[in-house]
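Chain identifiers are assigned alphabetically (A, B, ...) following the order of the sequence lines, protein sequences preceding nucleic acid strands; residue numbering begins at 1 within each chain.
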Number of protein chains: 2
Amino acid sequence: MRLINRNTDYAVRALSYIARQKEKVVSVSELVSELKMPRPFLRKILQVLNKEGLLKSYKGSGGGFSLAKARDKIFLFDLIKTLQGPVKFNECIFRKSFCPDVKNCALKKKIEEIEKYVVSQLQSITIASLCDNGCKEGAAC
Amino acid sequence: MRLINRNTDYAVRALSYIARQKEKVVSVSELVSELKMPRPFLRKILQVLNKEGLLKSYKGSGGGFSLAKARDKIFLFDLIKTLQGPVKFNECIFRKSFCPDVKNCALKKKIEEIEKYVVSQLQSITIASLCDNGCKEGAAC
DNA sequence: TTATAATGATACCATATTCGTATCATTTGT
DNA sequence: ACAAATGATACGAATATGGTATCATTATAA
C-alpha cells in the first residue's frame with residue numbers, strides 16, 4: 001500500500017522545482033527536460049493544480065506556471081487530496097443496514113485515530129519544508 | 001485513499017466472529033449466513049489466512065476454521081500485510097538513476113516517519129482488542 | 001497581423017488492481 | 001458410499017492508475 005501515487009509524486013517534484021526558481025514562470029517544457037516526466041501527464045497534473053488554486057498559469061509565448069501561494073502554504077495534504085482523492089482510511093465498505101453498530105465499531109474508531117494523525121502530519125509538510133532540507137536539483141526535495 | 005480494503009475488512013469480521021465462538025470450529029456456511037459475505041470470496045480469504053498460519057482448517061463434514069493463535073496475538077497489521085501486501089508508504093516510484101539524491105530525499109524521510117507510526121499502531125490492534133470493546137453480533141468488533 | 005509558443009479542455013487507451021465467481025479435487029465424518 | 005466441508009486454481013467484471021493525443025484558446029513577438 002502506498003500513500004503517494006505518481007500524480008502526487010510528480011506534483012511534489014514539479015512544485016519544488018518551480019519553488020526553487022523564485023518568481024520565475026516555468027514552462028512545462030522546462031519541467032519536462034529538467035525532471036524527465038511524461039509531458040502530457042505532467043500537463044494534466046499542473047492543470048488540476050491550477051484549477052485548485054495551487055498554481056498560477058500564464059498562457060502564450062513565454063508563459064508557464066508559478067506558485068499561487070507561498071512555498072510554506074502549499075501542503076502535501078492538499079496535493080494528495082486534489083490528485084488522489086480524499087484521505088478516508090476508515091471508510092466503511094458496508095451499508096449501514098448491514099453493520100449493526102456503526103457508532104461503536106471498534107475498528108472504525110482505531111482507524112479514525114490513525115487517520116487523524118496521518119492527516120495532521122501531511123498538513124505539516126509543505127513544499128518549503130521539502131525544499132529546505134539540503135535538497136539538490138532534480139530531487140523531490 | 002483507504003487503509004483497509006475488502007479482503008481485510010471481511011477478514012476482521014470473520015476472525016472476530018470466530019473468536020467469539022470460543023473453541024468451536026466455524027464453517028464458511030455459518031459465516032456467510034451470519035455475516036452476509038459472498039461465499040467464494042470469503043473462502044479465498046480464509047484459505048489465505050490458513051496458509052499464513054492465522055487460522056487452522058478442518059476438512060470434511062463438521063469441518064471449518066478456528067483461530068490458530070490467541071485472539072490477542074492476531075494483529076491487524078498481519079491481516080493487512082497478508083491480504084493487501086506490504087505497507088510501503090514511502091516506496092519511491094523513480095529509478096535510482098533518476099533521483100539524484102535518494103539518501104537525502106526529504107519527502108521520503110517524512111513519509112517514512114508516518115509509516116513507522118502507522119505500522120506501530122496497526123501492530124497494537126488485535127482481534128481481541130476489537131472484540132473487547134462492547135461489540136455486538138455481526139459488527140466488525 | 002500573423003506565426004509561434006504556451007496552456008485549457010477533453011477524449012481516449014493500456015495495464016494493474018480490486019472484487020468477486022465458478023469448478024473440480026481432496027479430505028473427513030457418518 | 002455419500003455428504004459436507006476445505007484446497008487449489010482459473011476465470012471475469014468493474015474500477016483505478018498511468019499515460020497519450022488532439023484541438024481550442026490565449027498571449028507574445030517578429
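- Put simply, CG on B:N5 is 16 Å from P on D:dT15, counting in whole angstrom units.
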>> Let's go through A:R71 and A:S129 carefully: what are the C-alpha distance in whole Å and the side-chain angles of both, what is the deciding distance for side-chain hydrogen bond (donor to acceptor under 3.5 Å, both in side chains) to 0.1 Å, and is it a yes or a no?
In response: CA-CA 8 Å; A:R71 308 184 313 166; A:S129 72; over 6 Å; no

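- A salt bridge is absent between A:R20 and A:E34; no separation between the charged side-chain nitrogens and carboxylate oxygens falls under 4.0 Å.
- Between the P atom of D:dT26 and the NZ atom of A:K56 lies a distance of 20 Å, rounded to the nearest Å.
- Ring geometry for B:Y10 against B:F41 counts as perpendicular: the plane angle is over 60°, on a 0 to 90° scale with 30° as the lower cut.
- Here the closest non-hydrogen pair linking B:I74 and B:L54 is CD1-O, 4.0 Å.
- Expressed to the nearest 0.5 Å, how far CE of B:M1 lies from OG1 of A:T8 amounts to 7.5 Å.
- Atom CD1 of A:I80 is separated from atom C1' of D:dT17 by 16 Å (rounded to the nearest Å).
- Listed in residue order, the members of residues 42-53 of chain B having a heavy atom less than 4.0 Å from DNA chain D are B:R43, B:Q47, B:N50, B:K51.
- The interatomic distance linking B:L55 (CG) with D:dA5 (P) rounds to 17 Å, in whole Å.
- Rounded to whole angstrom, the span from the CZ atom of B:F41 across to the P atom of D:dA8 amounts to 18 Å.
- Atom-to-atom, CE of B:M1 to C1' of D:dT15 comes out at 17 Å; the value is rounded to the nearest Å.
- Contact annotation for B:P40: base contact, defined as any heavy-atom pair under 4.0 Å involving a base atom.
- A:R43 CZ to A:S27 OG: the interatomic distance, rounded to the nearest 0.5 Å, is 11.0 Å.
- Separating the CG atom in B:L67 from the CG atom in B:L55 is a distance of 6.5 Å, to the nearest 0.5 Å.
- Proximity of residues 57-66 of chain B to DNA chain D (heavy atom under 4.0 angstrom from any strand atom) is restricted to B:S57, B:Y58, B:K59, B:G60, B:S61, B:G63, B:G64, B:F65.
- The separation between B:E30 atom CD and D:dT6 atom C1' is 15 Å, rounded to whole Å.
- B:R6 and B:D9 are not joined by a salt bridge, as no carboxylate oxygen comes within less than 4.0 angstrom of a charged side-chain nitrogen.
- The side-chain contact (heavy atoms from CB on, under 4.5 Å) with A:F77 is formed by just one residue from the set A:T82, A:V87, A:I125; it is A:V87.
- B:Y10 has no side-chain polar atom (N or O) that falls below the 4.0 Å cut-off from OP1 or OP2 of C:dC19.
- C:dG8 atom P lies 13 Å from atom CZ of A:R39, rounded to whole Å.
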